[in-house]
Trainee: 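Here it is: the structure, laid out below.
One-based numbering along the sequence shown. Values below: every heavy atom of this structure, side chains too, minus hydrogens, waters and symmetry copies.
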Amino acid sequence: MASSPARIFAELNAVRPPDQARPVMGTAVVVGGSVAGLLAARVLSDFAESVVIIDRDDLHATGARPGVPQGTQLHALLPGGFLQLEQLFPGFRDEAVQRGAIEAPPASRRNYLDGRMKVVVPDDADSLAGTRPFLEGLIRRRVLRLPNVKTVAARATGLVFDAAAATGVQVDVDGVPGIENADLVVDAMGRASRLSDWLAQAGWERPATRRMTVNLNYATAMFRRREANPEPALVLALHSPRVSSDVAGAAYFAVEGDRWMAMMAGYGDNRPGRTAEDFVRRMREQFPPEFGAVAGNELLGDVQTYHHADSRRRDFRALTRFPARLVSVGDAVASFNPVYGQGITAATLHAACLSTYLRSKPDLSEPAREFFALQEVVVDAAWSTSTSADLALPHVHGPYPRAYRLRSWVSGQIVAATVTDVAVARRFNKVVSMREHPNSLVTPGVILGALRANRRAR
């Protein structure tokens with residue numbers, strides 16, 4: 001009997017690296033040194049004799065990578081992703097804190113909805129706060145220390161196929177063409193992945209792409225932080241469309257280097273916080289007092305802005321013809337509205353899918369349909385969480401799922417109850433942090449609990 005999505009999700013969250021490496025292939029090639037690519041390489045190091053990561057950036061350099069245009073923006077490492085990283089890299093937490101990351105247990109986090117602070121869930125999982133270059137650097141150092149992992153600074157220009165499988169990656173190294181032969185190729189090229197074009201050029205099917213236009217505008221600023229162990233260390237304040245028409249929300253984290261990293265977001269034509277003056281003014285006037293306190297510190301550098309046009313997903317599982325020895329991970333498969341902070345955590349779960357698939361000793365001469373079936377559970381979970389919230393935005397016009405109005409009403413009741421009810425908030429937090437499947441949130445017990453909590457609050 002097939003497992004339910006909730007059970008598969010729970011099993012993926014519990015996946016740990018094998019106790020003993022048992023190579024099932026010679027060489028695996030990962031195209032893209034993103035977080036998703038690095039995590040795929042970490043998993044592959046347990047199952048391949050050698051792993052090659054191809055990226056145009058120098059992966060041995062430190063700091064922000066040119067290939068990550070959104071790297072200057074605030075990124076969230078949700079508790080689900082934090083737990084996965086600790087499983088992949090034992091001691092990750094201790095190393096991160098030693099290098100300057102800030103731990104954020106439940107008591108040091110605050111979450112506001114339309115100006116009302118949500119209840120604290122005391123037994124919730126810890127979070128970890130740091131900038132994207134810092135967190136990615138921690139992962140990259142761990143991966144590149146693995147003895148069977150190497151990098152190639154090159155531009156990937158295509159794939160090599162035999163009759164039924166991908167057998168290598170075409171590369172350009174400073175104008176010199178070459179080929180990296182592979183027993184398995186992993187596409188980790190991000191939102192702009194060219195895999196669909198390469199498949200079509202070679203006569204394979206092109207995966208269908210779904211898009212939901214969100215037109216999100218981000219602005220991120222850094223402020224000096226004087227407190228070594230700040231309380232709170234992480235604060236999020238969201239505005240529903242009925243409360244605010246121009247700013248969707250704001251957040252700030254304590255990050256490495258004695259800094260506060262603050263973010264503000266708006267949709268459509270609204271671009272709050274584009275200038276330092278507007279950013280500081282809104283922090284002081286439109287959000288709880290903690291935001292004004294942070295904005296009272298010294299501003300470090302310029303405000304960095306970013307535009308995210310749409311959420312998108314490529315449906316590889318639906319393909320009837322697909323080459324063997326080829327998979328895709330991370331944003332190359334699905335990328336979501338970043339305001340929900342799912343990206344890095346989804347990448348860790350894609351790595352868990354890859355580990356589970358390879359642990360089953362698959363026949364690599366056949367298309368990796370078992371992998372894509374596992375991955376679809378993760379993508380569906382993240383997609384349903386983010387897009388159901390996006391559909392409530394006035395500028396988003398579908399496509400609407402069946403029974404959308406009923407689903408929206410139920411979701412609204414549950415979200416409202418997270419302000420006052422610990423039990424509902426506990427389950428909600430597990431879902432949005434990708435530790436549980438969204439199906440666990442829409443059970444009769446949770447819905448009734450939410451209705452009772454909202455009745456008491458009224």
Trainee: Side chain of Arg321, backbone of Gly203: donor and acceptor closer than 3.5 Å?
Mentor: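 A pair under 3.5 Å: yes.
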Trainee: Can you tell me how far CG of Leu144 sits from CG of Leu38, rounded to the nearest 0.5 angstrom?
Mentor: 7.0 Å
Trainee: Can you tell me if Arg325 uses its side chain to pair, donor with acceptor, with the backbone of Asp183 under 3.5 Å?
Mentor: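 Side chain of Arg325 to backbone of Asp183, a donor-acceptor pair under 3.5 Å: yes, one is there.
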Trainee: Considering non-hydrogen atoms only, spot the tightest contact between Ala425 and Thr418 and give its length.
Mentor: CB-O, 3.8 Å
Trainee: Tell me whether the count of non-hydrogen atoms from other residues, nucleotides or ligands lying under 6.0 Å of CG in Asp174 goes above 12.
Mentor: no
Trainee: Is it true that Arg140 and Asp55 make a salt bridge, defined as a side-chain N closer than 4.0 Å to a carboxylate O?
Mentor: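 The answer is no: the pair does not qualify as a salt bridge.
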Trainee: Verify side-chain hydrogen bond (donor to acceptor under 3.5 Å, both in side chains) between Glu256 and Thr131, making sure each step is shown before the conclusion.
Mentor: CA-CA 7 Å; Glu256 77 280 359; Thr131 63; 2.5 Å; yes
Trainee: Looking at Asp302, I'd like to know if its CG atom is crowded, meaning that more than 12 non-hydrogen atoms belonging to other residues, nucleotides or ligands lie closer than 6.0 Å.
Mentor: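 Count not over threshold, so no.
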Trainee: Taking everything shown except Arg145 itself, do over 12 heavy atoms lie less than 6.0 Å from its CZ?
Mentor: yes
Trainee: Hey, is Asp124 close enough to Lys430 for a salt bridge, meaning N to O under 4.0 Å?
Mentor: no
Trainee: Please confirm whether the backbone N or O of Ala14 pairs with a side-chain atom of Arg16, one donor and one acceptor, at under 3.5 Å?
Mentor: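 At least one qualifying donor-acceptor pair exists.
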Trainee: For Pro438 versus Thr385, what's the shortest heavy-atom pair and its separation?
Mentor: CG-OG1, 3.6 Å
Trainee: Between Thr27 and Ser50, is there a donor-acceptor pair closer than 3.5 Å when you use the side chain of the first and the backbone of the second?
Mentor: no
Trainee: Would you say Arg427's side chain and Ser440's backbone share a donor-acceptor pair under 3.5 angstrom?
Mentor: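 Judged by distance alone, yes, a pair lies under 3.5 Å.
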Trainee: Between Thr320 and Glu205, is there a side-chain donor-acceptor contact under 3.5 Å, judged purely by atom types and distance?
Mentor: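 Yes, because at least one side-chain N or O of Glu205 sits under 3.5 Å from a partner of the opposite role on Thr320.
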Trainee: Do we see a donor-acceptor contact under 3.5 Å between the side chains of Asp114 and Ser240?
Mentor: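 Yes - a donor-acceptor pair under 3.5 Å links their side chains.
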Trainee: Could you check whether any side-chain N or O of Gln375 sits under 3.5 Å from a backbone N or O of Ser328, counting only pairs where one atom can act as donor and the other as acceptor?
Mentor: yes
Trainee: Considering non-hydrogen atoms only, spot the tightest contact between Ala96 and Phe134 and give its length.
Mentor: O-CZ, 3.6 Å
Trainee: Please name the pair of heavy atoms, one in Ser193 and one in Asp187, separated by the smallest distance, quoted to 0.1 Å.
Mentor: OG-OD2, 2.9 Å
Trainee: Compare every heavy atom of Ala368 with every heavy atom of Tyr357, then report the nearest pair and how far apart it is.
Mentor: OH-CB, 3.4 Å
Trainee: Does the salt bridge (Lys or Arg N to Asp or Glu O under 4.0 Å) test come out yes or no for Arg359 and Asp46, once each step is laid out?
Mentor: CA-CA 10 Å; Arg359 203 178 305 226; Asp46 291 326; over 6 Å; no
Trainee: Looking at Ala352, is its backbone amide N or carbonyl O close enough to the side chain of His350 to form a donor-acceptor pair, meaning the two atoms are under 3.5 Å apart?
Mentor: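 Side chain of His350 to backbone of Ala352: no pair is present.
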Trainee: Quiz question: by atom type and distance under 3.5 Å, do the side chains of Gln84 and Thr345 form a donor-acceptor pair?
Mentor: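 Not at all, the side chains of Gln84 and Thr345 share no donor-acceptor pair under 3.5 Å.
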Trainee: Between Ser411 and Arg407, is there a side-chain donor-acceptor contact under 3.5 Å, judged purely by atom types and distance?
Mentor: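 Not at all, the side chains of Arg407 and Ser411 share no donor-acceptor pair under 3.5 Å.
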Trainee: Take Asp126 and Arg93, measure what salt bridge (Lys or Arg N to Asp or Glu O under 4.0 Å) needs, and give me the verdict at the end.
Mentor: CA-CA 10 Å; Asp126 292 350; Arg93 173 203 297 261; 3.3 Å; yes
Trainee: Got a sec: does the CG of Asp269 have more than 12 other heavy atoms crowding it under 6.0 Å?
Mentor: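 Not more than 12 within 6.0 Å, no.
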Trainee: Would you say Asn148's side chain and Ala48's backbone share a donor-acceptor pair under 3.5 angstrom?
Mentor: yes
Trainee: Hey, what's the ring geometry for Phe372 with Phe322, parallel, tilted or perpendicular (30° and 60° as the breaks)?
Mentor: perpendicular
Trainee: Tell me if a side-chain donor or acceptor on Asp162 pairs with a main-chain N or O of Ala164 at a distance below 3.5 Å.
Mentor: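 Such a contact is found between Asp162 side chain and Ala164 backbone.
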Trainee: Between the main-chain N or O of Tyr404 and the side-chain N or O of Ser408, is there a donor-acceptor pair closer than 3.5 Å?
Mentor: no
Trainee: Check whether any side-chain heavy atom of His239 lies under 4.5 Å from a side-chain heavy atom of Val247, and answer yes or no.
Mentor: yes
Trainee: Indicate whether any N or O donor in one side chain lies under 3.5 Å from an N or O acceptor in the other, for Arg191 and Ser335.
Mentor: yes
Trainee: Are Val143 and Ile53 side-chain neighbours, meaning at least one heavy-atom pair lies under 4.5 Å?
Mentor: yes
Trainee: Taking all non-hydrogen atoms of both residues into account, name the closest pair between Asp390 and Tyr267 and its distance.
Mentor: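 In this case the closest contact between Asp390 and Tyr267 is OD1-OH, 4.2 Å.
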